Amino acid sequence: MKPYTLRVITIIKSIPAGSVMTYGQVAAVAGSPRGARQVVRILHALSGIHKLPWHRVVNAKGEIAIKDEESRSLQMLHLQGEGVVLNAEGRIDLATYRYIPMDIDDDMDMNRDEDEDIL
DNA sequence: CATTTGACTTTCG
DNA sequence: ACGAAAGCCAAAT
């Protein structure tokens with residue numbers, strides 16, 4: 001198994017229940033800021049591993065990115081079972097549920113508002 | 001070897 | 001906030 005794949009697996013395994021990460025985030029932490037699609041590929045390969053919280057990985061919009069209806073529903077159920085709530089549009093409040101690995105040891109700038117279209 | 005494809009992301013209008 | 005277009009990277013055709 002490739003190191004990059006192992007890193008991605010490790011990162012995904014580190015996502016706590018009740019939180020989610022975007023593909024881009026995982027890719028960035030794994031060392032490839034533009035490698036979101038590679039994360040996708042790896043998840044395809046590991047889709048059968050239930051040791052891996054693959055359902056805690058969503059796209060940048062906070063939506064479930066899976067194409068397969070069954071897997072999509074399964075992921076939704078898993079998330080709800082972990083306490084993640086979906087809004088009326090079937091999306092996740094990334095501002096609330098996004099998991100941010102803490103690599104910084106200095107002061108952290110909290111309250112990073114996600115999407116403020118208004119203003 | 002050139003093209004297409006995909007569970008994506010970002011930017012622009 | 002949404003849709004379209006361009007970027008990006010690896011595997012499949």
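From a predicted model like this one, the values you see are computed outputs, not experimental measurements. Just so we're on the same page: letters track the sequence lines, and every chain starts at 1.
Between A:P101 and A:Q25, some side-chain heavy-atom pair lies under the 4.5 Å cut-off. Here the side chains of A:W54 and A:L46 are not in contact, with every heavy-atom distance at 4.5 Å or above.
Counting only distance, with no hydrogens or angles, the side chain of A:D68 and the backbone of A:E70 share no donor-acceptor pair below 3.5 Å.
Listed by residue number, there are no residues of residues 7-18 of chain A with a heavy-atom contact under 4.0 Å to DNA chain B.
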- Query: For nucleotides 8-13 of chain B, read 5' to 3', which letter fits each nucleotide if B means a protein heavy atom sits under 4.0 Å from the base, S means only the sugar-phosphate is that close, and - means neither?
  - Reply: BS----

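We find the NE2-OG distance between A:H78 and A:S73 to be 11.0 Å, quoted to the nearest 0.5 Å. Rounding to the nearest 0.5 Å places NE2 of A:H44 at 8.0 Å from CD1 of A:I66. Residue A:R37 holds its CZ atom at 14.5 Å from OG of A:S32, rounded to the nearest 0.5 Å. Rounding to the nearest 0.5 Å gives a distance of 10.5 Å between CG of A:L79 and OG of A:S19.
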Under 3.5 Å, sequence neighbours excluded: what are the donor-acceptor pairs made by side chains of residues 1-18 of chain A?
from: A:R7; atom 1: NE; to: A:A30; atom 2: O; distance (Å): 2.7
from: A:R7; atom 1: NH2; to: A:A30; atom 2: O; distance (Å): 3.3
from: A:T10; atom 1: OG1; to: A:L6; atom 2: O; distance (Å): 2.8
from: A:S14; atom 1: OG; to: A:I11; atom 2: O; distance (Å): 2.5

Quick one: side chains of residues 57-64 of chain A, donor-acceptor pairs under 3.5 Å with protein atoms, not counting sequence neighbours, listed by atom name and distance.
from: A:N59; atom 1: OD1; to: A:K61; atom 2: N; distance (Å): 3.2
from: A:N59; atom 1: OD1; to: A:G62; atom 2: N; distance (Å): 3.2
from: A:N59; atom 1: OD1; to: A:E63; atom 2: N; distance (Å): 2.8

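In this structure, the side chain to side chain donor-acceptor pair (under 3.5 Å) partners of A:E82, at least two apart in sequence or on a different chain, are A:H55, A:R56.
Protein atom NE2 of A:H44 is 19 Å distant from nucleotide atom P of C:dC9, rounded to whole Å. Distance A:E89 CD to C:dG3 P: 11 Å, rounded to the nearest Å. Distance A:N87 CG to C:dA1 P: 10 Å, rounded to the nearest Å.
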Return the polar atom pairs (N/O with N/O) between nucleotides 11-13 of chain C and the protein under 3.5 Å, or none.
from: C:dA11; atom 1: O4'; to: A:R41; atom 2: NH1; distance (Å): 3.4

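OP1 or OP2 of C:dC2 lies within a sub-4.0 Å distance of a side-chain N or O belonging to A:R91.
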